[in-house]
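Count residues from 1 along the sequence.
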Amino acid sequence: MAKFYIWNFKVGSKTHDGWAYGPNSAGGISLQWDFKNETGKTIKYATFWFVPYNRVGDIQCCSISKESEDGVTYTGPLDHGGIHRGALWENAWYNHSISDVKLTKIYVVYMDGTDELLSASDVSFSVPEGVSANGCYVATAVYGSYDCPQVWTLRRFRDNTLAGTWYGRAFIKTYYTISPTLVKWFGQTNWFKKLWKKRLDRMVSNLQSAGVESSPYQDKTW
């Protein structure tokens with residue numbers, strides 16, 4: 001039984017308007033992924049370790065640090081069953097040859113003081129049952145990324161304002177019922193993006209004027 005679920009895994013580079021596959025101009029490779037905690041405990045820290053590869057399957061190393069396997073630490077708390085979206089490790093390695101990475105292990109420290117070293121066999125690289133593959137479907141389709149200033153603003157408003165009322169939660173539930181299908185059918189069309197962009201731009205501007213931040217944001221579990 002999987003103790004972690006990992007999905008929406010990306011290998012590439014952050015740009016000013018979204019995500020690009022492949023290294024940036026300096027050779028920096030970044031990683032992004034969503035994950036769910038199924039360990040049965042509340043996570044305090046989780047360090048994800050990866051090894052990079054080139055297109056022919058040979059292990060690569062960072063041209064600066066000369067390290068191959070390396071890790072990044074997520075700081076909780078994250079309850080059992082909790083989901084964290086948009087984990088980001090920017091410029092994990094600098095190497096123009098890197099095209100893929102593989103997870104090797106996850107070292108987990110729990111809030112109860114215990115720890116555990118999980119192998120890749122403890123991880124399911126799939127979307128867990130009952131969980132949507134993405135969030136903020138329409139905004140992500142319009143702006144091209146789940147992690148950009150406009151979507152960070154909307155996600156804050158969703159978690160800190162809408163989710164605090166019964167009618168807000170009803171709207172969220174309805175949105176996540178309808179929007180995946182709309183985006184699946186029309187999300188790549190120009191007319192759909194143009195239709196929503198003016199509305200979303202206006203909403204984001206109003207929210208930012210009201211004090212909702214546009215800095216990087218980690219979703220709440222609700």
Exercise for review: Apply side chain to side chain donor-acceptor pair (under 3.5 Å) to the pair Tyr110 and Asp115, showing each step before the final yes or no.
Suggested key: CA-CA 6 Å; Tyr110 299 107; Asp115 61 2; over 6 Å; no
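- Checked against ring pair (Phe, Tyr, Trp, His ring centres under 6.0 Å), Tyr5 has no partners two or more places apart in sequence or in another chain.
- Taking the side chain as every heavy atom from C-beta outward, Leu162 and Arg169 never approach each other to under 4.5 Å.
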Practice item. Would you please test Val101 and Leu31 for side chain to side chain contact (heavy atoms under 4.5 Å, CB included) and show each step? Key: CA-CA 9 Å; Val101 304; Leu31 310 180; 3.8 Å; yes
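- Linking ILVMFWY side-chain heavy atoms closer than 4.5 Å, directly or via other members, places Ile178 and Phe186 in a single hydrophobic cluster.
- Applying the 6.0 Å contact sphere to CH2 of Trp196 captures no more than 12 heavy atoms from other residues, nucleotides or ligands.
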Point to revise | side chain to side chain contact (heavy atoms under 4.5 Å, CB included) assessment of Asn91 paired with Ile29 | key: CA-CA 5 Å; Asn91 297 320; Ile29 285 287; over 6 Å; no
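- Taking the charged nitrogens against the carboxylate oxygens, Glu116 and Lys41 have no contact shorter than 4.0 Å, which rules out a salt bridge.
- In this structure, Asp58 and Gln60 have side chains that are in contact, with non-hydrogen atoms separated by less than 4.5 Å.
- Residues Phe171 and Leu207 share a hydrophobic cluster, clusters being chains of Ile/Leu/Val/Met/Phe/Trp/Tyr side chains in contact below 4.5 Å.
- Panel note: side chain Tyr175, backbone Val138; a donor-acceptor pair is recorded below 3.5 Å.
- Grouping the Ile, Leu, Val, Met, Phe, Trp and Tyr side chains by contacts below 4.5 angstrom, directly or via other members, places Val11 with Phe125.
- Judged by the 6.0 Å and 45° rule, Lys36 forms no cation-pi pair with Phe4.
- Tyr143 and Cys148 get closest at one heavy-atom pair: CB-SG, 3.8 Å.
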**Study point:** Working for side chain to side chain contact (heavy atoms under 4.5 Å, CB included), residues Glu67 and Cys61
**Key:** CA-CA 5 Å; Glu67 297 290 336; Cys61 65; 5.9 Å; no
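- Contact record, Ala2 with Ser124: CB-CB, 3.7 Å, taken as the closest heavy-atom pair.
- In terms of modelled atom types and a separation under 3.5 Å, the side chain of Asp122 and the main chain of Leu118 share no donor-acceptor contact.
- Checked against a 6.0 Å centroid threshold, the rings of Phe9 and Phe50 count as neighbours.
- Of the possible donor and acceptor atoms, one in the side chain of Thr153 sits under 3.5 Å from a partner among the backbone N and O of Glu213.
- Panel note: side chain Arg156, backbone Val212; no donor-acceptor pair is recorded below 3.5 Å.
- Heavy atoms of other residues, nucleotides or ligands lying less than 6.0 angstrom from CH2 of Trp191 number more than 12.
- Lys66 contributes a side-chain N or O that, together with a main-chain N or O of Ser63, makes up a donor-acceptor pair within less than 3.5 Å.
- No side-chain heavy atom of Ile6 sits under 4.5 Å from any side-chain heavy atom of Asp34.
- With hydrogens and angles ignored, the 3.5 Å screen pairs no side-chain donor or acceptor of Thr161 with any backbone N or O of Arg158.
- Within the 3.5 Å criterion, the main-chain N or O of Tyr53 finds no donor-acceptor partner in the side chain of Asp100.
- Between Phe35 and Trp7, the ring centre distance reaches or exceeds 6.0 Å.
- Residues Leu78 and Val109 do not share a hydrophobic cluster, clusters being chains of Ile/Leu/Val/Met/Phe/Trp/Tyr side chains in contact below 4.5 Å.
- In this structure, Asn160 contributes its side chain and Phe157 its backbone to no donor-acceptor pair below 3.5 Å.
- Sorted by first then second residue, the salt bridge (charged side-chain N to carboxylate O under 4.0 Å, His left out) pairs that include residues 187-197, not counting sequence neighbours, are Lys197-Asp201.
- Within the 3.5 Å criterion, the main-chain N or O of Ser13 finds no donor-acceptor partner in the side chain of Asn24.
- For Asp159 against Ala163, the heavy-atom pair with the smallest separation is O-CB, 3.6 Å.
- The list of side chain to side chain donor-acceptor pair (under 3.5 Å) pairs with a residue in residues 42-51, not counting sequence neighbours, reads Thr42-Asp79, Thr47-Thr73.
- Using a distance-only test at 3.5 Å, with no hydrogens or angles considered, no donor-acceptor pair links the side chain of Arg55 to the main chain of Ile98.
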Exercise for review: Assess whether side chain to side chain donor-acceptor pair (under 3.5 Å) is satisfied between Thr104 and Glu69, documenting all intermediate values.
Suggested key: CA-CA 8 Å; Thr104 58; Glu69 185 179 46; 2.6 Å; yes
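- Here Trp185 and Phe192 keep their ring centres 6.0 angstrom or further from each other.
- When all heavy atoms are compared, the tightest approach of Ser68 to Ile59 is OG-CG2, 3.0 Å.
- Around atom NZ of Lys102, no more than 12 heavy atoms belonging to other residues, nucleotides or ligands sit under 6.0 Å away.
- No path of Ile, Leu, Val, Met, Phe, Trp and Tyr side chains, each step under 4.5 Å between heavy atoms, connects Ile43 with Tyr107, placing them in separate hydrophobic clusters.
- Note that NE2 of His96 and CG of Asn54 are 14.5 Å apart. Values are rounded to the nearest 0.5 Å.
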